[in-house]
Amino acid sequence: MITTENLCKRYGKTDAVRDLNLDVRAGTVFGFVGENGAGKTTTLSILATLMLPTSGRAFVGAAEVTTDPAAVRRMIGYMPDVFGVYDDLSVREYLAFYGTAYGVTAALIEQRTKELLNMVSLEEKADDYVNALSRGMQQRLGLARCLMHDPPVLILDEPASGLDPRSRIEMREIIKGLRQRGKTVLISSHILPELADMCDEIGIIKRGALVACASVEVVTARANGHRQICVEVLEGGLAMADTLARHHFVSDVLTCDETRVDLLFAGTERDQAELILDLTAAGYQLKTFREVGGNLEDLFLHLTSEEQAAEQTASALAGSAAGQMA
Amino acid sequence: MLVDAIRHRLGWWMDNPLLRKELRQRMRSGRTVLALSLYLFIIGAVAFVFMYVNVQGQTLLLQPTRTADLFTFLSYLQLAMISFVTPGIASGVISGERERQTLTVLLTTPLSPASIIFTKFVTSISFLLLLIVMTLPLYSIVFLFGGVVPSQVLAVFGLQIVTLGAIASVSIFWSTWLRRTGWSTVFSYATVGVFFLGLAVAGYLSDNIANHSPDQGVWGMVSGICYSLNPIYMQASLEASLGFASPVFHQSIVSSVFSVVQSHDLSSTESWLSFLYLYMGGSALLLVSCIWRLRPGTFAVLRKRLVRWLLR
């Protein structure tokens with residue numbers, strides 16, 4: 001539904017997007033993850049026809065963004081990362097304005113306004129002025145605005161940014177609901193775990209290039225292979241670190257002292273249980289053995305920190321994805 | 001076919017969502033009502049005082065030539081209002097959208113950059129047009145006492161509307177090309193200042209140089225060009241050609257404007273028609289550049305479509 005072919009965008013000497021190849025299937029939610037300045041917003045802006053690519057092509061459905069932007073605009077609902085609202089309009093008027101701009105009939109506007117305000121839990125605010133709404137409510141209204149013309153594709157640029165935890169959860173639930181409505185959603189974020197819950201596929205972008213792209217299951221499995229474990233012992237932590245470093249499922253010992261060792265573990269939960277038995281058998285008096293940090297976050301940091309590591313992981317993910325598809 | 005197309009376009013304009021939204025936002029605020037009332041009150045008071053002073057309280061003494069003077073005076077007051085108010089309204093129409101971060105979303109709707117720019121242009125001048133139309137009943141006082149006929153009033157209003165459109169276009173141009181409304185406002189007023197005052201000063205200096213220079217013809221031509229680009233002088237030119245060439249504002253700026261118009265022979269139909277064409281053409285060019293600026297790909301897409309159509 002959304003495809004890019006060697007998409008490039010250059011600002012002077014800086015490559016904002018480099019040879020980006022994306023393929024978002026119809027009816028799926030695709031998470032587009034990257035650090036600030038990685039090229040997410042530029043890519044989404046090109047797809048939303050706000051910007052021309054330097055080279056390469058991008059399609060929404062069969063429409064190409066540079067040659068048929070009008071068709072693309074009709075097919076998408078775009079929500080930028082930061083957007084304003086018209087202060088002197090009521091919520092109802094705000095939605096009606098955008099509905100009319102897309103050529104939606106008055107009767108349908110009324111019907112959709114009711115439905116969408118109900119969906120984003122703003123039905124009681126229908127006659128309030130837009131500037132009287134909280135930030136979270138305005139974000140939800142923005143999402144309702146995107147859906148006024150019932151587009152098959154939604155492009156959401158960090159829709160939950162700047163929201164409090166409750167509003168983030170509400171936004172997440174609404175987006176999950178969109179998948180059930182059959183919408184294709186391309187959503188960007190710089191927080192990988194946030195997307196894992198609602199996305200079917202995830203693409204990780206770094207310095208304008210896609211470093212990983214796979215289904216959430218593959219990414220999660222890969223993330224689980226890089227779990228950070230903290231082992232606390234009563235004594236002999238340094239010696240235990242030596243033992244652990246030689247263990248074939250321990251990919252790295254991060255820190256160690258006399259009572260604590262932090263390591264990256266690449267095995268399964270069964271391997272983890274066996275490691276505990278091995279350490280106990282070796283005479284170490286274990287106080288705690290626990291997982292620390294968000295797995296997906298660790299993977300994200302791992303992917304976006306070292307280029308070489310990222311390339312290795314990308315090829316590994318590509319291999320996993322190919323295996324899964326086969 | 002053509003009638004259907006025109007009807008379709010007119011229907012679209014009547015149903016243009018941006019136009020309706022802009023007019024609704026602009027017209028329903030209390031400030032608009034206050035501004036309209038205040039303007040009408042000031043113009044009414046000025047007209048009353050002018051007439052009262054001229055007839056010293058006895059309306060029977062009012063002569064048609066004096067009502068022509070009143071008309072000239074009011075028309076200059078209106079031109080001053082247009083030059084002051086238009087940049088204030090139009091210089092934030094696009095930069096304001098950009099600052100409020102509503103422009104991005106607007107550009108992803110099917111509304112074309114051309115329709116956005118022209119709607120902004122129409123809504124910018126609509127308030128001023130309303131002010132001008134609102135003063136028509138005051139001008140009817142002038143008709144009541146004779147001295148001016150409606151066609152003359154319409155001709156002067158026409159010239160003022162073209163000037164209003166040009167100022168709005170300049171302001172929208174700055175608003176589209178500059179990111180900040182503050183800068184856009186400064187540049188808009190500066191441009192208006194150059195056209196209204198700068199050209200008058202340049203014309204005056206050129207005249208003085210011409211009087212003391214062997215190249216009298218060249219400097220005389222320069223001053224003629226400066227005056228013929230200035231809306232103040234061109235309004236005088238039009239009014240002079242309509243027969244208001246001898247105002248009673250002795251020793252006033254208005255009378256000096258009229259004398260300059262006569263000395264440079266600017267009160268010809270060609271002079272103010274050239275002015276109208278130049279201002280309308282300039283406005284159109286500025287608005288086209290705004291369309292290009294608003295979404296840089298607009299012309300690239302048109303070019304690609306043209307090539308595709310030619311290859312087909």
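Proteins get letters first, then strands, A, B, ... in listed order; numbering begins at 1 in each.
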Measure from the ring center of A:Y98 to the ring center of A:Y102 and say whether it is less than 6.0 Å.
no

Determine, using ring centers only, whether B:W292 and B:W177 are less than 6.0 Å apart.
yes

What residue in A:F83, A:F97, A:Y86 has the most heavy-atom pairs under 4.5 Å with chain B?
A:Y86

Leading residue by heavy atom contact count with chain A [cutoff under 4.5 Å; candidates B:V105, B:L106, B:L107]:
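Option with the top pair count is B:V105.
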
Tell me, yes or no, whether the heavy-atom count around B:F41 atom CZ, taken from other residues, nucleotides or ligands under 6.0 Å, exceeds 12.
no

Contact origin within B:E97 toward chain A - heavy atom pairs under 4.5 Å:
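Answer is side chain: those atoms of B:E97 sit under 4.5 Å from chain A.
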
Between A:V72 and chain B, with a heavy-atom cut-off of 4.5 Å, which part of the residue counts as in contact: side chain, backbone, both or neither?
neither

Measure the shortest side-chain to side-chain distance between A:L95 and A:L141 over non-hydrogen atoms and say whether it is less than 4.5 angstrom.
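The answer is yes; the side chains approach within 4.5 Å.
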
